[in-house]
Amino acid sequence: MPRYIFYSGFKRCRWAGKEGTKMKKIPKKLHFLLIFVLILTQAPFGGLFSVFATEEAGVIASGTCGGDATWALTEDTVADWDLGPGKTPYKLTITGSGDMSWTGANSPWYAYRETVTSVSIADGITSIHDKAFYQFASLKTIALPDSVVSIGGQAFFWNSLLEEVNFGSSLETIGDGAFSQCTSLVSVTLPDSVTSIGKSGFGGDTKLTTFVCGAGLKTIGDAAFSGATRLESVTFNQFLERIGDQAFVNCAALESVTIPESVTYLGLNAFMSTGLTSFTIPKNVTSVGYAVLGQCGKLTEIIADGNANYQVIDHILYEMRNGTPYRAIAYPAALASDSAVVIAEGTEILDRYAFSNASKVPAFTLPSTLREIEAYCFLRCKLTEIHIPDSVEQVTSYAFMSTGLETVTVGKGLKEWEHNAWYNQSLANITISEENPYLASWDNLVFNKEKTRLLCYPSAKSDAVYHIPDTVESIAAYAITYVPSLVELYLPKSLKSLYYNLAIQSNANLKSIYFLGDAPTAGASSIKNNSKNLILYRTRVSTGWDVAAWTSFTFADYIPEGTVMADGTCGDLTWNYEGDIGRLTITGAGEVPDFTEQEPAPWSEFFIQTI
């Protein structure tokens with residue numbers, strides 16, 4: 001079979017015939033004609049261009065961005081906005097067909113991301129690669145051709161000037177974070193072809209006010225519009241099936257939304273912290289995540305007519321099991337009540353944020369079937385007292401935080417005490433059932449059952465001086481926290497350990513801590529942010545104070561056997577001496593007299609450490 005052999009640069013061209021055939025010299029004119037025909041018939045036009053053409057005039061940079069896709073950067077002579085001193089606007093042109101692709105994390109044109117003001121994508125390109133236009137700081141508009149089917153993750157992430165997007169007519173998927181942090185984007189209308197929006201697809205778009213989805217959209221991903229604080233108008237289609245976790249969280253301007261009957265899934269926190277005033281659960285919904293309406297401070301109404309899985313009873317949205325309330329999900333935070341809200345018998349779980357911000361309710365009555373109270377459940381309610389039934393086994397972090405609670409009574413079922421669950425600076429009284437096998441209370445303090453571990457010292461306890469019981473061997477995290485009345489704290493000889501972080505902290509007036517025994521094991525932050533003048537008192541025979549946890553403190557001797565007590569007057573002043581801690585206290589007004597060796601101070605014979 002005859003074959004051509006062509007050497008670039010036209011150095012040689014020959015014809016090879018059958019094996020053994022003598023090579024014949026080709027005339028010079030035929031030589032060049034043959035080369036021309038060869039190029040036209042054997043090479044694509046792109047090959048001809050690469051052989052004969054010089055670089056196009058005005059091209060700053062160029063290259064490939066896919067198997068059949070190329071890119072070129074030229075100066076943008078149309079852009080009329082200022083990019084800053086010395087910066088030239090550029091136009092990025094992408095031509096060819098098929099998917100964009102490249103190796104590495106960034107696009108081939110990433111170095112020009114701050115100065116590209118225009119992007120042209122040829123009809124024929126089928127996908128926008130991940131991070132294709134990541135952090136394009138000067139791009140205001142983008143029009144995708146009808147050939148584009150998918151937009152990759154973070155493709156237009158942080159395009160802070162992007163105001164307008166034309167999605168084309170064939171787009172099907174929008175990737176995770178594709179248009180996240182596009183803080184100039186005002187309106188989004190999707191074509192009917194789009195079926196899904198990925199996680200954080202438009203998250204953080206703080207100027208976005210309007211979103212309209214096309215007829216094909218089935219899935220709105222997790223956090224898709226999270227933090228779109230000005231979003232006030234959302235239009236769903238009648239085929240939408242799934243609204244993901246946190247999909248519209250913190251969309252504070254969103255006051256009304258209609259969920260189509262086609263929706264079966266509402267994710268956790270889906271509409272949390274929005275401005276919704278009313279919300280309807282469609283009849284086909286089979287899954288509702290926790291805090292779906294958490295902290296919606298304007299909400300006055302929840303409706304769930306015709307749904308077998310979720311019902312509203314006395315304004316509370318419940319998940320139903322076998323026709324009985326099982327999980328309390330949400331209560332309209334802005335709805336006022338003159339009497340206690342009674343949570344239905346049968347309920348086993350109070351969801352996260354279920355009653356948060358319900359500040360117009362004076363009290364809540366918990367059912368005898370209740371097992372769990374989840375985090376932030378009653379956050380910022382206005383409560384003074386709560387009774388936890390015997391059936392409750394778990395109360396998790398921040399469940400009653402910032403409610404104004406003063407009194408808590410706990411039944412026999414609670415297994416653990418999470419300090420943060422109950423944190424209120426108003427809490428003074430805690431009583432735990434004597435039948436509880438896990439916890440105990442004494443003098444309004446909370447301990448484990450054996451009273452060897454101190455779990456909670458209530459913030460509003462009024463004692464200025466307090467002696468921790470001599471059964472205590474350890475003090476838990478946050479056990480003694482924000483107690484403004486506490487001035488002197490005595491720790492027993494039995495104490496062996498302080499939790500390594502913040503066991504005794506933020507007690508602004510705590511000036512003295514007395515250790516009757518050896519140094520307990522502790523961390524550098526076990527005792528922190530108390531009075532600036534805090535002194536730790538230790539006995540002279542105690543040990544263990546030379547480790548790093550204690551080196552930053554001021555110490556004084558504590559002499560429990562020092563029973564000397566004395567007081568008196570000197571001029572207009574009154575003085576008092578406490579021998580066990582070597583402390584002299586002088587009160588009154590005026591100057592301390594000048595004492596001499598012949599006429600010493602009345603307290604001169606005493607061992608004084610602090611005045």
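In what follows, residues are counted from 1 in the order of the sequence shown.
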Option among [options] that satisfies the ring-ring contact (aromatic ring centres under 6.0 Å, His included) test with [X]:
| X | options | value |
| --- | --- | --- |
| Phe248 | Phe279, Phe202, Phe211, Phe271 | Phe271 |
| Tyr398 | Tyr423, Tyr376, Trp422 | Tyr376 |
| Trp71 | Tyr90, Trp109, Trp102 | Trp109 |

Look only at the side chain of [X] and the backbone of [Y], and say whether a donor-acceptor pair between them is shorter than 3.5 Å.
| X | Y | answer |
| --- | --- | --- |
| Thr481 | Tyr478 | yes |
| Asp123 | Pro145 | no |
| Asn507 | Ile480 | yes |
| Ser138 | Glu114 | yes |
| Asn237 | Leu217 | yes |
| Ser459 | Tyr482 | yes |
| Asp176 | Lys199 | yes |
| Thr209 | Val186 | yes |
| Ser184 | Ser160 | yes |
| Thr396 | Ala375 | yes |

Take atom [atom1] in [X]; do more than 12 heavy atoms of anything else shown fall under 6.0 Å from it?
| X | atom1 | result |
| --- | --- | --- |
| Lys528 | NZ | no |
| Tyr110 | OH | yes |
| His315 | NE2 | no |

Shortest non-hydrogen contact from [X] to [Y]?
| X | Y | answer |
| --- | --- | --- |
| Ala479 | His419 | O-CE1, 4.4 Å |
| Asn284 | Asn307 | N-ND2, 4.2 Å |
| Arg380 | Ser359 | O-CB, 4.0 Å |
| Phe378 | Thr403 | O-CG2, 3.0 Å |

Check your understanding: Do Phe179 and Phe167 have their ring centres less than 6.0 Å from each other?
Key -> yes
Point to revise | Verdict with reasoning, Asn420 to Ser397, per side chain to side chain donor-acceptor pair (under 3.5 Å) | key: CA-CA 5 Å; Asn420 287 338; Ser397 297; 5.2 Å; no
Point to revise | Pair Thr70-Thr95, side chain to side chain donor-acceptor pair (under 3.5 Å): steps then yes or no | key: CA-CA 5 Å; Thr70 60; Thr95 56; 2.8 Å; yes
Point to revise | side-chain contact (heavy atoms from CB on, under 4.5 Å) evaluation trace for Val116 with Leu73 | key: CA-CA 9 Å; Val116 171; Leu73 196 72; 4.0 Å; yes
Within the 3.5 Å criterion, strictly below it, is a donor on [X] or [Y] matched to an acceptor on the partner's side chain?
| X | Y | answer |
| --- | --- | --- |
| Asn509 | Ser531 | no |
| Glu164 | Thr141 | no |
| Asp68 | Ser97 | no |
| Ser170 | Ser193 | no |

Roughly how far apart are [X] [atom1] and [Y] [atom2], rounded to 0.5 Å?
| X | Y | atom1 | atom2 | answer |
| --- | --- | --- | --- | --- |
| Gln246 | Cys251 | CD | SG | 11.5 Å |
| Ile142 | Ser118 | CD1 | OG | 7.5 Å |
| Asn357 | Gln295 | CG | CD | 5.0 Å |
| Leu92 | Ile121 | CG | CD1 | 8.0 Å |
| Thr126 | Asp146 | OG1 | CG | 13.5 Å |

Is any side-chain heavy atom of [X] closer than 4.5 Å to a side-chain heavy atom of [Y]?
| X | Y | result |
| --- | --- | --- |
| Leu190 | Ile174 | yes |
| Ile259 | Thr280 | no |
| Pro332 | Glu301 | no |
| Thr173 | Thr195 | yes |
| Thr551 | Phe553 | no |

**Study point:** Worked verdict on Glu255 versus Lys298 for salt bridge (charged side-chain N to carboxylate O under 4.0 Å, His left out)
**Key:** CA-CA 8 Å; Glu255 296 184 352; Lys298 297 180 180 180; 3.5 Å; yes
Review point. Would you call the rings of Tyr134 and Phe157 parallel, tilted or perpendicular if under 30° counts as parallel and over 60° as perpendicular?
Key: parallel
Practice item. Look at the rings of Phe133 and Phe136 and say which category their plane angle falls in: under 30° parallel, 30 to 60° tilted, over 60° perpendicular. Key: perpendicular
**Study point:** Salt bridge Glu75-Lys91, side-chain N to carboxylate O under 4.0 Å
**Key:** no
Review point. Thr117 pairs by side-chain hydrogen bond (donor to acceptor under 3.5 Å, both in side chains) with which of Thr88, Asp76, Asp80?
Key: Asp76
Point to revise | Cation-pi check, Arg352 onto Tyr290 ring (under 6.0 Å, within 45° of axis) | key: yes
